[in-house]
J.: 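Take a look at this one; I'll ask things after.
No experiment lies behind these values; they were computed from the predicted model shown.
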Amino acid sequence: MMRKIAILIAVASVCSILAYALGYETGKRHEAIKKTDPEAWKSSIYADRPIVQDAIRRWAQKNNVSPQRAMEGRLIVWMNFPDRACVSLSLHPGSVGGVPVYCYAGDISGAVYKQTTRLIEEYSDVE
């Protein structure tokens, strides 16, 4: 009988240690997300491209906030297609909200592909 109680206590101790460690690691990840630089998007290699600036302006205008505020907690994702380029203003992991996507026409004249700022598709009805 005493042996069974000792085994139960040992199992309960191991389970509580594992639960504590799991909770601690989860908390550390959430803390890291909270400390993400709200202006990290400015360091993207795409941040200065005209269509990215246009997408940020459109998203800010839709939400009636400044571009800096509109981009808090967001990252720039650039997607190239044969006839267009799309910009997605994605969320940092752990953030809540929608992800707008703006697509701009590409001008194919001969063998040269030139990016234009002509919006051809908009998926911003996400929040």
J.: Are side-chain heavy atoms of I51 and Y102 found at a separation under 4.5 Å?
T.: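 With C-beta onward as the side chain, the pair stays apart.
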J.: Tell me the disulfide (SG to SG under 2.5 Å) pairs involving residues 42-101, sequence neighbours left out?
T.: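 Disulfide (SG to SG under 2.5 Å) check on residues 42-101 returns C86-C103.
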J.: Taking the side chain as every heavy atom from C-beta outward, state whether I120 and Y104 have any pair of such atoms under 4.5 Å apart.
T.: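 Of all side-chain heavy-atom pairs linking Y104 with I120, none is under 4.5 Å.
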J.: Would you name the heavy atoms of P100 and R74 that are closest together and state the gap between them?
T.: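 In this case the closest contact between P100 and R74 is CD-NH1, 3.6 Å.
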J.: Who pairs with S90 by side chain to side chain donor-acceptor pair (under 3.5 Å), at least two apart in sequence or on another chain?
T.: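 Here the qualifying residues are S88.
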J.: Residues in side chain to side chain donor-acceptor pair (under 3.5 Å) with R58, at least two apart?
T.: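 Expected list: D54.
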J.: Any disulfide (SG to SG under 2.5 Å) involving residues 42-77? Give me the pairs, sequence neighbours left out, ordered by first then second residue.
T.: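 For residues 42-77, and leaving out neighbouring residues, there are no disulfide (SG to SG under 2.5 Å) pairs at all.
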J.: Does atom CZ of R118 have more than 12 heavy-atom neighbours from other groups under 6.0 Å away?
T.: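 No - once you tally the heavy atoms of other residues, nucleotides and ligands closer than 6.0 Å, there are 12 at most.
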J.: Can you give me the closest heavy-atom contact between A85 and N80, atom names plus distance?
T.: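 What the structure gives for the nearest pair is CB-OD1, 3.6 Å.
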J.: Roughly how far, to the nearest 0.5 Å, is the CD1 atom of I76 from the CG atom of L89?
T.: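 The distance works out to 7.0 Å.
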J.: Return the minimal non-hydrogen interatomic distance between K62 and S124, and the atom names on each side.
T.: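 Smallest interatomic distance, heavy atoms only, reads CE-O, 2.9 Å.
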J.: Minimum heavy-atom separation for H92 to L75, with atom names?
T.: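 Shortest heavy-atom contact: CE1-CD2, 3.2 Å.
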J.: Mind checking the CG-CD spacing from N63 to Q61? Nearest 0.5 Å is all I need.
T.: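 Reported value, rounded in 0.5 Å steps: 10.5 Å.
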J.: Tell me, with the steps shown, if V99 and L91 meet side-chain contact (heavy atoms from CB on, under 4.5 Å).
T.: CA-CA 7 Å; V99 176; L91 295 164; 4.2 Å; yes
J.: If you group Ile, Leu, Val, Met, Phe, Trp and Tyr by side-chain heavy-atom gaps below 4.5 Å, do V65 and W59 land in one group?
T.: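 Different clusters: V65 never reaches W59 through Ile, Leu, Val, Met, Phe, Trp or Tyr contacts under 4.5 Å.
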J.: Output, in order, the C-alpha distance, side-chain angles, deciding distance and verdict of side-chain contact (heavy atoms from CB on, under 4.5 Å) for T117 and Q53.
T.: CA-CA 10 Å; T117 54; Q53 291 300 314; over 6 Å; no
